[in-house]
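Just below is one structure, and these are the notes that go with it.
As a basis for the values below, the full set of heavy atoms in this structure was taken, side chains included, without hydrogen atoms, waters or symmetry mates. Nothing fancy with the numbering, it's 1 onward along the sequence. For ligands, and for the atoms within them, numbers begin at 1 and follow the listed sequence.
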Amino acid sequence: MIFALLEILLCFHITVIVGSQPNIIFILSDDHGWNDIGYHSHIIRSPNINALCNDGVRLENYYIQPGCTPSRSQLMSGRYQIHTGLQHSVIRNDQPNCLPLDEVTLAEKLKEVGYATHLVGKWHLGFYTPSCLPTRRGFDSFFGYLIGQEDYYKHIHDGGYDLKRHETDVSKQYQGDYTTHVFTSEAQNIIKSHDPSTPLFLYMSYQSVHANYLQVPEHYSNMYNGVIDDEDRRIVAGMVTCMDEGIGNITQTLKETELWNNTIIIFSSDNGGDPNDGGNNWPLRGEKGTHWEGAIHGLGFVYSSDIAKDVRGTVNTEMIHVSDWFPTIVNLAGGSLNGTKPLDGFDQWQTISQGAESPRTEILINIDPLVPPPSDMEHFFHGWNGTYNTSMCGAIRVGDWKLITGYPGEGSWTPPPESGHQPIIPNDKPGKHVWLFNIAEDPTETTDLSEDNLDKVIELLIKMDEYLLTSVPVVYPPNDPLADPSLNDGIWRPWSPEPYTYPGNPNNPNNPNIKDNVF
Ligand SMILES: *[C@@H]1O[C@H](CO)[C@@H](O)[C@H](O)[C@H]1NC(C)=O
Ligand SMILES: *[C@@H]1O[C@H](CO)[C@@H](O)[C@H](O)[C@H]1NC(C)=O
Ligand SMILES: *[C@@H]1O[C@H](CO)[C@@H](O)[C@H](O)[C@H]1NC(C)=O
Ligand SMILES: *[C@@H]1O[C@H](CO)[C@@H](O)[C@H](O)[C@H]1NC(C)=O
Ligand SMILES: *[C@@H]1O[C@H](CO)[C@@H](O)[C@H](O)[C@H]1NC(C)=O
């Protein structure tokens, strides 16, 4: 009798925990390659990440977008880029563009149900007018930078400083301070001063390990002396280890508060690594900014005490996509999905916490009409009469199958430099613009099956046609000279008091070329 009563009480107690609004820490790493994490590489040291992941669930069939703005836009809106006008490239610093102002953000939905919402780190969803700023899009606080990349110590890029507290530039106060340390300590302060009676949403958007600025305190890169000879790679490895230390510090601080036993930690990369700049996606094909798996097959895991015991420490191979976090997190928070435009994401909590089958069976990777078709294009595909033009840059995953059309970007397989092996250059015919892979059997995209499976190609092209019909015009406006930091006190900040209106700009005069873009 007493035991039965105890059991009822215990059950009740557990129900109370599950039913209450969890604290949500969403950690996003930047340009973090598939092979740049301890649980995929025996060279890279990420003990804190590995430990959290071992106590949680590792997501190994998890997909992200090829670039910074694309993944971030889908995280914040739950919607594909074909539905927000952000199909092409990323938002450049001097483009008058942002995540459309009529999109409801994840932070706004969480505020509706009482969350305190904080963004620490990178935004990269536009800032040309004040209403685009994170502080006007659902975040109670913002400490970080608005642009896509900058110096990790000086917080400057292209003549403009960018480190903001809320809406004020504070770069000068943090000269010489490395952002992984600065952002980690900001997150720790937020956690320590948080009132536990209010649920917390912390979007921790690290600068690491973004390419181009290869910077890390020597202490971290020196850990790889004698293990990695290539200097760029040693720095990237050090950046990962430094970020891992930061994640360890944040976890430790959470454990010292009452928040910990009702906290969910979600970790995700935003796109693949850049092998020309120390990152590595081996054995996956391609690099960030492309439609190959190396750009979009993401790193992800979830730690939560709500994950079923028999699921903890396992590897989840269900199909999950970055757009899924929006409905998953809003539902976990006890929020409502009212007021959003039609979502492309699915609630994946049962999949993640119980090992249930994913409600998702396909992912539209993208359709980007602004990427020029491959030169020397041969019209190999005669059986197709739909409106989707196979020369257009696009890709889709349906079940185990993946179709790529148009110019997908550089598609070599690049082993890590420390392996001593050279990149493997694909032998695709010039002008090739349709590929079909069975990703379950061939995750590294070695064997194109398009010529032998025309029915499958047509089936997937019909899907592309359906998606194309729902897509909005691309918004990729020309650079605005008024953005120039020299006209704005030497900082990157909003330069237009009011939003501009555009009808969409499919014939952009800048002749964008995906290879030149910085993601
Ligand atoms: C983590 O905390 C330790 C101890 O306070 C500190 O020395 C280290 O710099 C911190 N690392 C990061 C990345 O914040
Ligand atoms: C969770 O936190 C509450 C409040 O601090 C505490 O009473 C409880 O013992 C904790 N539960 C666990 C499992 O740590
Ligand atoms: C959604 O519903 C909540 C609660 O019913 C309400 O407070 C909120 O304003 C609604 N949001 C939108 C965007 O309609
Ligand atoms: C397009 O091709 C399909 C078969 O692939 C055929 O059934 C259909 O009639 C064709 N439509 C037109 C307008 O030619
Ligand atoms: C498809 O696009 C290519 C390149 O823009 C063009 O040359 C070709 O005529 C288009 N095909 C059709 C059927 O519209």
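- Below 4.0 Å from some heavy atom of C242 lie the following atoms of ligand 1, by number and element: 13 (C).
- Across all their heavy atoms, I43 and Y224 have their closest contact at O-CE2, 3.2 Å.
- Near T184, meaning under 4.0 Å from one of its heavy atoms, ligand 1 places the atoms 14 (O).
- At least one N or O atom of E245 sits closer than 3.5 Å to an N or O atom of ligand 1.
- At distances below 3.5 Å, at least one donor-acceptor pair connects side-chain atoms of Q21 with backbone N or O atoms of A333.
- Looking at heavy atoms from C-beta onward, D158 lies in side-chain contact with W492 at the 4.5 angstrom threshold.
- The aromatic rings of F301 and F267 lie parallel to each other, with less than 30° between the two planes, well short of the 60° mark.
- Closest to atom 1 (C) of ligand 1 by heavy atom, among N249, V182, T180, is N249.
- Near G246, with a cut-off below 4.0 Å to any heavy atom, the atoms of ligand 1 are 13 (C).
- Within a 6.0 Å sphere centred on CD of E231, heavy atoms belonging to other residues, nucleotides or ligands number 12 at most.
- At a distance under 4.0 Å, no protein heavy atom can be found next to atom 4 (C) of ligand 1.
- In this structure, atom 9 (O) of ligand 1 is in close contact with the protein, since a protein heavy atom lies within 4.0 Å of it.
- The closest side-chain donor-acceptor pair between H40 and E60 falls under 3.5 angstrom.
- Considering H219, H181, Q252 only, the shortest heavy-atom separation from atom 13 (C) of ligand 1 involves H181.
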